[in-house]
2 protein chains.
Amino acid sequence: MALIVHKYGGTSMGSSERIRNVAKRVAKWARAGHQMVVVPSAMSGETNRLLGLASELAPSRADKSYYRELDMLAATGEQASSALLAIALQAEGVPSVSYTGWQVPVRTDDSYTKARIESIDDQRVRADLDAGRVVIVTGFQGIDPNGNITTLGRGGSDTSAVAVAAALKAAECLIYTDVDGVYTTDPRVVSAAQRLKTVSFEEMLEMASLGSKVLQIRSVEFAGKYKVPMRVLSSFTPWDIALDEEAKSGTLITFEEDEKMEKAVVSGIAFNRSEAKISVRGVPDTPGIAYQILGPVADANIDVDVILQNIGKDGKTDFSFTVNQGDFNRTVELLRDEVVPKLGADEVIGNPNICKVSIVGIGMRSHVGVASTMFRALAEEGINIQMISTSEIKTSVVIDEKYLELAVRALHTAFGLDSAEVSKSA
Amino acid sequence: MALIVHKYGGTSMGSSERIRNVAKRVAKWARAGHQMVVVPSAMSGETNRLLGLASELAPSRADKSYYRELDMLAATGEQASSALLAIALQAEGVPSVSYTGWQVPVRTDDSYTKARIESIDDQRVRADLDAGRVVIVTGFQGIDPNGNITTLGRGGSDTSAVAVAAALKAAECLIYTDVDGVYTTDPRVVSAAQRLKTVSFEEMLEMASLGSKVLQIRSVEFAGKYKVPMRVLSSFTPWDIALDEEAKSGTLITFEEDEKMEKAVVSGIAFNRSEAKISVRGVPDTPGIAYQILGPVADANIDVDVILQNIGKDGKTDFSFTVNQGDFNRTVELLRDEVVPKLGADEVIGNPNICKVSIVGIGMRSHVGVASTMFRALAEEGINIQMISTSEIKTSVVIDEKYLELAVRALHTAFGLDSAEVSKSA
């Protein structure tokens, strides 16, 4: 029997009926002899409701004291759902107690709304586990060095669950969600997409960072750092499914590079619709222009993703990069008003109608020609590539947004990921 | 300029628009140079919503671990409203910070759902006040010696506000509510009821305990113990009413017995519809029967109010008392099944259709004949008195519920409390 951490998302906690089902599922694991820690999200809609109220009242200029209050506010959602789950477990006859982030405590820095976990004290939780209780720990939140409540950002409950699992050296961290695992790509885009039984944590990291919304990226980083075995599985299977079957379902995120890397070169196709491209044209081709352009962007707290600098011609060059669509207008204004005049560049051109499509696979490390297969597949569909970015285990291209589905389907087939292909080769 | 505590009820905090109005009112006080601490209740309906979810999931047998979770759950309502008020104040340009009960900390015992405040640390709050911030402290909650969240019971935010005012030695604690003060009786029953400009804390204590719902009784006890000047006033006046006018409005609860006691003998008529009467008939008239009957009732955690034991006759007597209507069935069953057989009494008779009407006045201490005036007024209306209970500053009668309005009106007139009467004598 082992120490297991379960994490349930907002949809799973969305009503008293659903909370009761979560309690029955957890009770099944507890009765099988496992020591159980459960990390629930807020009931679905609750965080949005709270932040909606805040935005109706918000000051015109947000500062740190405002973000502090946002965290104070948002953290109540998980506190409520945790208490409700403890109550539901007690109703199932399973002794249970819930703890907020500050009660555990989960210590974080003071970066309100996106705090980072620094340490987790396992004493209180362990004492309850040893006393035979199921322990509920609020997801998404912690306490800063001055005793203020912090939150970890959207999807932070995944990170809480993995961090708690790491602190307790749990045998496995099960992330129950509204999908039944990690797929080769989004099944809504490619109907032939198939579920991966295992995926390496590095691949998962790339997929999460590339826009696959199954897991918060920081939870995967955490799992990688502390080698926490992590499984993504469906919360929509009946709660009374056999435990053995449930324990093997979904997708396991592994840390051992097993023989799998010999099989599939590319594990999945990820994509992201929420980026926008910005180009500065006619930049004097002198050393330091990347810093002169992106320095002010970074100072304005804007994240930059893909970066591209063309070869110069006639002493001038073009410089392009992508940002989140939410930062698009702000970035264009910043460059136009402050950077272009100072640099003596020609103009700023923005294009919000782009998307990023990526192939991800740990096998790419040891295989040549993967990128060229990608480019050929796209060329055959007549899709123009605007930008390219590569890492050891992924290759991303920026293309016109209207080609997104076409590109994903073409790549899914080109790399032999369609279910039919796979069963053929099996 | 002084240190002032404001308390706002759930109705005042019921929407973002209303929270904004509270912020504007508090900002007015802060700009006038006062150091401000504000204690808000949860947004109206929120506590009921949360406890409703809990009751859908509740175990059939509630124990301490269940009540602990209820407090964990219910405390989120005030945490959210406090953060929202801090945000609204920041939007008004007033620096503000909110603290939960455990952050202050407000230390309580561990009687979940009805915890008692043991101490309040004023250091953190005072540091913020000195730094020019308005401090929001969540009402209704605290932390027990083991770091668990506790709540103070329904209406507990009044008590929080007074306790915070006492800890900070505030100049005044202003309770903003949906009535504009304390009245001689409920204006919905007697249209001639008038607002009291001042009322002694002892009178207020009796009125609160007798069913007047303006203030939670424990807040009045607290105010009395720590001599916190307390004012009940309306949150429905426009927020931009002149501060001088606002500061004198409503009803002040005083601790000095001023010349007022020479004027009105009776300050108000209180009443309570929510009691029920239980009689045990034919009890053997031996020493200790009160204990034999009420001991098991107290053990079942049932509060008893008025108690009456008739003079015995033929070695038998009748024993009657009142309980809250919510405890009525439970009490009758308890007596019928356990107490009557053991005592050898004849029978248990219950009557839920009664009410209690009381006259309250600090002047009763030094005036004779007040009770007889009361009894005469009721007799003239043909109202039969079932039970009588007296204290130094109040006399209560239990009567048939259908006579409630008639009795209250008759007494209001008999003691010269009707507005017309007062203006005549003025």
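None of the values given here were measured: they were computed from a predicted structure. Every chain is numbered from 1 and lettered A, B, ... according to where its sequence line falls, protein lines coming before strand lines.
The part of B/S96 that comes within reach of chain A is its backbone (N, CA, C, O), which places non-hydrogen atoms under 4.5 angstrom from that chain. Within the 4.5 angstrom heavy-atom criterion, only side-chain atoms of B/R124, from C-beta onward, approach chain A. In this structure, no portion of B/L85 lies under 4.5 Å from any heavy atom of chain A. If you measure heavy-atom distances from A/I136 to chain B, you find no contacts under 4.5 Å at all. Proximity to chain A involves both the backbone and the side chain of B/S16, based on heavy atoms less than 4.5 angstrom apart.
Around the CZ atom of B/R116, the shell of radius 6.0 Å holds no more than 12 heavy atoms that belong to other residues, nucleotides or ligands.
Contacts with chain A were tallied for B/D71, B/D63, B/I87; B/I87 has the most, counting heavy-atom pairs under 4.5 Å. Ranking A/A86, A/A88, A/P59, A/S98 against chain B, the residue ahead of the rest is A/S98, based on heavy-atom pairs under 4.5 Å. Ranked by non-hydrogen atom pairs under 4.5 Å with chain B, the options A/E17, A/R68, A/E56 are led by A/R68. Between chain A and the residues B/N148, B/L70, B/L50, B/I19, the most heavy-atom pairs under 4.5 angstrom are made by B/N148.
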Under the side chain to side chain contact (heavy atoms under 4.5 Å, CB included) rule, what do B/M43 and A/L53 come out as? Steps first, then yes or no, please.
-> CA-CA 11 Å; B/M43 295 175 77; A/L53 286 166; 4.0 Å; yes
Assess whether side chain to side chain contact (heavy atoms under 4.5 Å, CB included) is satisfied between A/L84 and B/E69, documenting all intermediate values.
-> CA-CA 7 Å; A/L84 289 168; B/E69 300 301 329; over 6 Å; no
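A heavy-atom distance below 4.5 Å is not found between the side chains of B/L73 and A/Q79. Within the 4.5 Å cutoff, the side chain of A/R61 has no heavy atoms near those of the B/Q90 side chain.
The pair A/R49-B/E46 meets the salt-bridge criterion, with a side-chain N (NZ, NE, NH1 or NH2) lying under 4.0 Å from an Asp/Glu carboxylate O.
B/Q103 contributes atom CD, which lies 10.5 Å from atom CG of A/N146 (distance to the nearest 0.5 angstrom).
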